[in-house]
Amino acid sequence: MRHAFYLAFFLGTSALVSGAQAATKDSVTIGMALEPPGLDPTMGAAAAIGEVTHYNIFEGLTKIGEDFSVSPLLARSWSFSKDLKTLTFQLQQGVKFQDGQPFTSADVKYSFERDAAKASTNKDKAFFASIQSIDASNPQVVVLKFKAPSFQALYHLGMNTAVIIDAKSAATEATHPVGTGPYTFGTWTKGASLTLNKWDGYRDAAHIAIRHATFRFMSDPAAESAALLAGDIDAFPRFQGVEDVSAFQKDPRFKVTVGGTEGKTIIAINNKQKPLDNLKVRQAIAYAIDRKAIIDGAMNGFGTPIGSHLTPNDPGYIDLTGQYPYDPAKSKALLKAAGVKLPLSLTLTLPPPAYARQGGQIIAAELAKVGINVKIINVEWAQWLSGVFKNKNYDLTVISHVEPLDIGIYANPDYYFQYDNKDYQNIITKMNAAPDLASFKKYIGEAQHKLADDCVNVYLFQLAQITVANAKLQGLWKNGPIFVNDLSAMSWK
Amino acid sequence: MTTYLLQRLMILIATLVLASVVIFAVLDILPGNAAQTMLGASATPQTVAALAHKLGLDQPAPLRYGEWISGLVRGNLGRSYAYHSSIAALISASLKISGPLALLAMVIAATVALVAGMAAAARHGKASDGAIMMASQIGLAVPNFWFGIMLVLVFAVNWRLLPSGGFPGWTPDPLRAFSALILPALALGLVQAAILTRVTRSALLDVLHEDYIRTARAKGLTPQAIIRRHALPNAMIPILTIMGLQLANLVAGAVVVENVFSLPGLGRLIFQSISNRDTPVVADCVLLLVAIVIGVNFLVDLACAMIDPRLRMQP
């Protein structure tokens with residue numbers, strides 16, 4: 001046994017030495033909570049796919065920045081027609097795919113038509129289906145004609161669902177992705193880690209500081225903290241261990257940033273379920289909820305209260321958190337006015353994340369105070385997706401909607417909230433046809449008010465993006481409007 | 001002995017067939033499917049239907065079962081929905097970690113348990129026996145994930161001797177890969193050792209009351225020699241049986257420890273595949289585990305039969 005221990009110490013030391021040699025200033029190891037299932041963001045929906053591939057391996061026509069701005073990427077510039085139905089892109093010249101194939105307008109046409117095809121499993125297929133025709137007659141110019149005015153097209157085109165792929169490698173993107181980005185796919189040890197290497201053929205290779213990147217997958221918050229403390233990973237964007245954040249903040253070896261994501265954490269309500277179809281009952285639930293208690297209790301204080309289905313980082317955001325302040329007395333009065341027999345029994349379905357499981361306990365306690373007895377049902381994701389989302393078999397659920405600017409989901413009466421309102425649907429139609437940012441903001445403002453007035457759901461808070469990183473690593477995003485780890489922006493001090 | 005072997009083999013195959021039906025049926029009635037889970041909440045029902053069709057989820061269950069079994073018979077384990085790769089490759093990669101991890105943990109558990117169990121039995125009722133029993137009681141009470149986190153804090157965070165988790169792969173640096181397995185093997189092995197110590201001690205104590213031990217003592221053998229030469233071989237049957245169960249448990253049941261150490265072993269593969277509703281992977285892995293458990297038990301029975309000739313005689 002003594003020999004075994006000596007062996008352990010010897011091996012440990014050797015590992016340390018080789019680790020120190022590898023940690024030169026041009027490599028980075030990034031922690032991620034979930035492993036991507038496949039690596040083709042145009043055919044798979046998991047956020048982790050974008051976190052590895054978007055901007056690194058694959059690029060789209062436009063780039064969404066940390067502040068939600070849209071800037072050129074594979075497109076140099078663009079212009080809308082007056083009716084907002086035609087969008088013309090001038091493409092970057094001399095761009096190649098990592099396999100040497102030239103990038104032209106034909107690739108854009110191929111990619112978008114593939115995304116819209118019948119067999120396509122693109123998450124944003126509805127957007128690609130809204131493109132009437134794609135003109136690629138000039139290799140440097142793409143003309144997209146939409147069926148309806150499409151002001152938001154630039155955002156859609158900046159998502160990882162709209163990256164441009166090459167017809168030659170399309171079939172194998174999920175396992176061996178080939179894009180136009182600054183990094184090529186290296187190796188993938190399933191369940192453990194994935195590596196990317198700098199591509200020297202990239203059009204802007206001189207400005208890329210990080211040569212090797214490793215993504216390590218660890219789903220256990222305690223393991224995340226331990227790996228950071230042990231120096232095994234350099235950065236953990238979207239860090240989950242909220243309880244450990246203050247310890248990292250005090251440690252000079254680390255830099256902690258707290259920004260916002262697009263996650264709108266809500267208590268979703270089944271608007272067709274009795275008595276939740278009654279506005280007064282929904283409002284009673286809203287008045288019974290103390291957002292701050294939930295943010296403090298479930299998220300250690302990380303999260304910004306919201307009052308409708310938009311985050312403070314979004315264009316056109318209006319603060320409506322004052323519409324339903326915490327007021328149990330008013331809640332009880334509303335329940336009485338609605339003629340509900342107390343105690344009212346409802347179910348609360350909770351998916352795995354901490355905001356739901358821990359937040360759900362607090363919500364149940366708060367609702368009990370006004371006479372609503374909540375039965376908590378803990379489910380895993382697949383159960384949530386089939387039971388709540390697909391079959392609408394629920395009363396209340398806690399969930400964070402992480403898609404950017406997805407306020408349009410309320411215009412679909414079949415969506416799991418089952419909110420069917422003509423006025424709202426008209427607002428969204430007008431918003432989608434908005435000719436400019438100012439009128440877009442006007443309509444998205446109306447939409448927020450309408451959702452709050454009708455109290456479709458109870459809007460809790462914006463999910464925080466917590467990043468814990470080695471203090472010497474720079475270029476990490478503070479806010480997370482989309483799920484990316486932009487390696488090209490990173491460097492060591 | 002041949003009839004005995006043949007009998008056992010027939011039972012083994014029948015169990016596997018029965019297990020395959022149960023596994024398939026349970027996975028089939030599980031709420032949620034791979035297409036919906038992979039596409040999440042933002043895809044339209046049409047997109048989900050398109051993926052379900054592509055994956056063949058819209059086929060009737062008996063047909064899918066038939067395809068699975070006929071594939072297995074031909075040595076084709078199928079493809080993973082989530083990873084888009086062959087399941088055989090996924091399982092063999094995970095076994096390259098789970099196998100050595102389980103063996104290493106078993107070696108640790110067996111070494112500690114035999115030494116401690118023999119020491120406790122030899123000094124039955126004395127202070128050192130009490131101390132060993134107390135230590136094993138603590139070992140039983142401590143959950144292995146917590147013990148794993150403690151090991152990481154001491155060896156990886158404070159002393160920086162061993163990696164905190166992850167697995168670098170057996171190539172190009174097998175020593176580094178081995179060092180990644182030491183802490184998880186300790187976390188698993190020492191907890192198992194606690195159970196095995198108690199089994200070893202009580203099995204030895206049972207034997208120590210036998211007549212032949214009294215005879216050995218009367219011959220003038222030292223207590224150590226009595227335990228080593230006469231008591232231990234006779235106490236081995238319950239110890240081996242428990243070790244067999246533990247080994248199977250270590251291959252599959254390491255999922256929590258694998259999560260703490262971010263090791264891509266078989267337990268984690270099954271766990272993730274269940275979350276993803278990657279049912280072909282789950283079905284193959286669980287059937288493999290059934291086969292391992294049955295196989296290990298079969299080997300344990302054989303070993304017991306070798307130790308104790310009386311077991312061989314039974315029809």
Side-chain angles (χ1 to χ4, degrees), chain A residues 1 4 8-9 11-16 18-19 35 37-38 40 43-47 118-126 174-175 187 189-193 216-220 222-223 226-227 229-233 379-387 389-390 399 401 403 406 409 414 416, chain B residues 30-33 35-47 50-51 53-54 81-85 90 93-94 108 111-112 115 149 152-153 155-157 159-167 169 173 175-176 178-180 182 259-265 268-269 272 275-278:
Chain A
M1 200 57 207
F9 276 90
L11 290 171
T13 323
S14 76
L16 187 72
S18 59
E35 179 174 25
D40 182 353
M43 292 295 134
K118 191 162 177 279
S120 160
T121 53
N122 191 299
K123 192 172 65 167
D124 208 9
K125 190 174 171 177
T175 47
T187 56
T189 311
K190 303 271 161 60
S193 60
R216 267 193 46 195
F217 314 120
M218 39 185 67
S219 48
D220 186 272
L229 286 169
D232 290 346
I233 54 175
V379 293
E380 39 147 8
W381 272 122
Q383 283 174 296
W384 188 90
L385 285 165
S386 78
F389 184 73
K390 185 162 168 263
I399 183 78
H401 278 264
E403 293 297 317
D406 60 349
I409 54 180
D414 289 332
Y416 76 104
Chain B
L30 211 60
N33 72 50
Q36 181 78 62
T37 310
M38 283 164 77
L39 290 172
S42 46
T44 62
Q46 292 78 13
T47 315
L51 183 60
H53 178 71
K54 201 162 136 190
Y81 297 152
Y83 284 118
H84 307 268
S85 63
L90 286 176
S94 70
I108 293 171
T111 314
V112 172
V115 171
I149 293 169
V152 167
L153 287 180
F155 288 95
V157 174
W159 294 348
R160 296 211 170 190
L161 284 172
L162 292 162
S164 67
F167 190 74
D173 192 350
L175 275 183
R176 216 173 133 219
F178 183 73
S179 72
I182 292 172
N259 255 339
V260 167
F261 289 95
S262 314
L263 286 177
R268 209 162 118 105
L269 178 66
Q272 280 195 339
S275 308
N276 291 336
R277 290 295 184 270
D278 199 346

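In what follows, chains are A, B, ... by sequence order, proteins preceding strands, each numbered from 1.
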Point to revise | Side-chain heavy-atom pair B/T47, A/N122 within 4.5 angstrom cut-off | key: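 No - every pair of side-chain heavy atoms lies 4.5 Å or more apart.
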Check your understanding: Hey, are the side chains of B/Y81 and B/R277 touching, using non-hydrogen atoms and a 4.5 Å cut-off?
Key ->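 They are not in contact (no side-chain heavy atoms under 4.5 Å apart), so the answer is no.
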Point to revise | Ring geometry between A/Y416 and A/H401 (parallel below 30°, tilted from 30 to 60°, perpendicular above 60°) | key: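 Plane angle under 30°, so parallel.
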**Study point:** B/T37 side chain vs B/N33 backbone, donor-acceptor pair below 3.5 Å
**Key:**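 Looks like yes, one N/O pair under 3.5 Å.
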Exercise for review: Could you tell me whether the side chain of A/D220 and the main chain of A/A222 form a donor-acceptor pair under 3.5 Å?
Suggested key: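 Yes, the answer is positive, given that a donor and an acceptor are paired below the 3.5 Å cut-off.
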Partner chain A: residue of [options] with the largest heavy-atom pair count (under 4.5 Å):
options                     : value
B/G165, B/G169, B/S275      : B/G165
B/S164, B/A180, B/G32       : B/S164
B/P45, B/S85, B/A50, B/S94  : B/A50
B/R268, B/Q272, B/M38       : B/R268
B/G166, B/A35, B/A93, B/A41 : B/A41

Answer with side chain, backbone, both or neither: which region of [X] has an atom nearer than 4.5 Å to a non-hydrogen atom of chain A?
X      : value
B/L51  : both
B/L90  : side chain
B/A156 : both

Which bit of [X] comes within less than 4.5 Å of chain B, counting heavy atoms only: side chain, backbone, both or neither?
X      : answer
A/K125 : side chain
A/T175 : side chain
A/D40  : neither
A/A227 : both
A/F217 : both

What distance separates [X] [atom1] from [Y] [atom2], expressed to the nearest 0.5 Å?
X      : Y      : atom1 : atom2 : value
B/I182 : B/F261 : CD1   : CZ    : 11.0 Å
A/R216 : A/D232 : CZ    : CG    : 5.5 Å
A/W381 : B/N276 : CH2   : CG    : 13.0 Å

Check your understanding: What closest approach, in Å, do B/P264 and B/F167 show between heavy atoms, and which atom pair accounts for it?
Key ->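 Scanning both residues, the minimum pair turns out to be CD-CB, 3.8 Å.
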Practice item. Determine the minimum heavy-atom distance between B/V152 and A/A226, stating which atoms define it. Key: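 In terms of heavy atoms, the two residues are closest at CG1-CB, 3.3 Å.
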Review point. Among A/A47, A/G387, A/G231, which residue forms the greatest number of heavy-atom pairs with chain B at distances under 4.5 Å?
Key: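 Ranked by contacts with chain B, first place is A/G231.
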Practice item. Could you have a look at A/Q383, A/E35, A/E403, A/K390 and say which one has the most heavy-atom pairs with chain B under 4.5 angstrom? Key: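 Ranked by contacts with chain B, first place is A/E35.
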